[in-house]
Student: 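What follows is a single structure, and I will ask about it in a moment.
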Amino acid sequence: MVIKKCLFPAAGYGTRFLPATKAMPKEMLPVVDKPLIQYGVEEALEAGLNHIAVVTGRGKRAIADYFDVSYELEDQIKGSTKEELLAPIREILDRTVFSFTRQKAMNGLGHAILTGETLIGNEAFAVVLADDLCVGEGSGVLSQMVALYEKHQCSIVALEEIPIAETHKYGVISGHQIEDDLYEITHMVEKPTPEEAPSNLAIIGRYIFTPDIFDILRHTQPGVHDEIQITDALQEQASNGRVLGYKFKGRRFDCGSIGGFVTATNYFYEHYCSKK
Ligand code: G1P
């Protein structure tokens, strides 16, 4: 099974960035000169996933407008030096199919992914949480994971070692190592305390799922924070079959927090923009 589709859950309110996110989606906040979500879309395209499915919600129309032609603006700047600034996004539009659906209630990441089923259908797919901005080493993180999927044909989550004091922010796994940086997961807990955490290996926002995850999500009961947790559905998948965890090569910025967002901004300014 070849993966072509990548799902972006993007219905969350972005309350940590209020008031900035009062009237605009947090996914549209710029890291230097590009909205956060564009970094994730570029990573998906690099991995060969050119069908981008977005789960949006109320107040998120700017995302759909961004990934579309801006006829009036483009006409205005035609022939000027400004035109080339739009070249990268135009190139994305030429190569990509976008589809959107709306999540009516915020019932957790598992519920957001299930809402995306209508855009994905019965095929394996990737999920990107745009808040986790990733810079791969050699190739992008999704590319690394797609290559693993081609070999193992099962659900795969990206892993990162985190300080044990931060386990309450993540899904945390335990399992046995089967190759360098690759684990067969036996146990997953969503947002454990450091005492409950089975390790310091946290799931970060890159996933590949086989489509049976949708049937599991349909009966997954609300878990931590009374929300339907993707981690709980993955636990069931791991118990019945196989789920792999991959310690990716590269770096992740937690753009869901103000500190991480600022670190990412400085990193991208130094590495890409200051040399322009
Ligand atoms: C979500 C997932 C969690 C994962 C995290 C990665 O949590 O539920 O398992 O570790 O993303 O960023 P959230 O950040 O939405 O609270």
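Whatever order the structure lists ligands and atoms in, that order sets their numbers, starting from 1. Quick caveat: nothing in here was measured; it's all calculated off a predicted structure.
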Student: With a distance cut-off below 6.0 Å to the six-membered ring centre and an angular limit of 45° from the axis, does Lys26 pair with Tyr13 as a cation-pi contact?
Tutor: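 Judged by the rule (NZ or CZ under 6.0 Å from the ring centre, within 45° of its axis), Lys26 is not positioned above Tyr13.
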Student: Can you tell which of His176, Gln177, Arg242 makes a side chain to side chain donor-acceptor pair (under 3.5 Å) with Glu184?
Tutor: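 Only one of His176, Gln177, Arg242 forms a side chain to side chain donor-acceptor pair (under 3.5 Å) with Glu184, namely Arg242.
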Student: Checking side-chain polar atoms at under 3.5 Å, does Thr210 have a donor or acceptor matched by the opposite partner on Gln237?
Tutor: yes
Student: Which protein N or O atoms sit under 3.5 Å from any N or O of ligand 1? Give atom names and distances.
Tutor:
from: ligand 1; atom 1: 7 (O); to: Lys191; atom 2: NZ; distance (Å): 3.2
from: ligand 1; atom 1: 8 (O); to: Glu190; atom 2: OE2; distance (Å): 2.7
from: ligand 1; atom 1: 9 (O); to: Gly171; atom 2: N; distance (Å): 3.1
from: ligand 1; atom 1: 9 (O); to: Glu190; atom 2: OE1; distance (Å): 2.7
from: ligand 1; atom 1: 9 (O); to: Glu190; atom 2: OE2; distance (Å): 3.4
from: ligand 1; atom 1: 9 (O); to: Thr231; atom 2: OG1; distance (Å): 3.3
from: ligand 1; atom 1: 10 (O); to: Gly171; atom 2: N; distance (Å): 2.9
from: ligand 1; atom 1: 10 (O); to: Ile203; atom 2: O; distance (Å): 2.6
from: ligand 1; atom 1: 12 (O); to: Asp132; atom 2: OD2; distance (Å): 2.8
from: ligand 1; atom 1: 16 (O); to: Lys191; atom 2: NZ; distance (Å): 2.8

Student: Has Asn122 got more than 12 heavy atoms of other residues, nucleotides or ligands less than 6.0 Å from its CG?
Tutor: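 Atom CG in Asn122 is not packed in, count stays at 12 or less.
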Student: Tell me if the centroids of the rings in Tyr207 and Phe125 come within less than 6.0 Å of each other.
Tutor: no
Student: Excluding sequence neighbours, so at least two apart, what forms side chain to side chain contact (heavy atoms under 4.5 Å, CB included) with Arg218?
Tutor: Leu114, Glu117, Phe214, Asp215
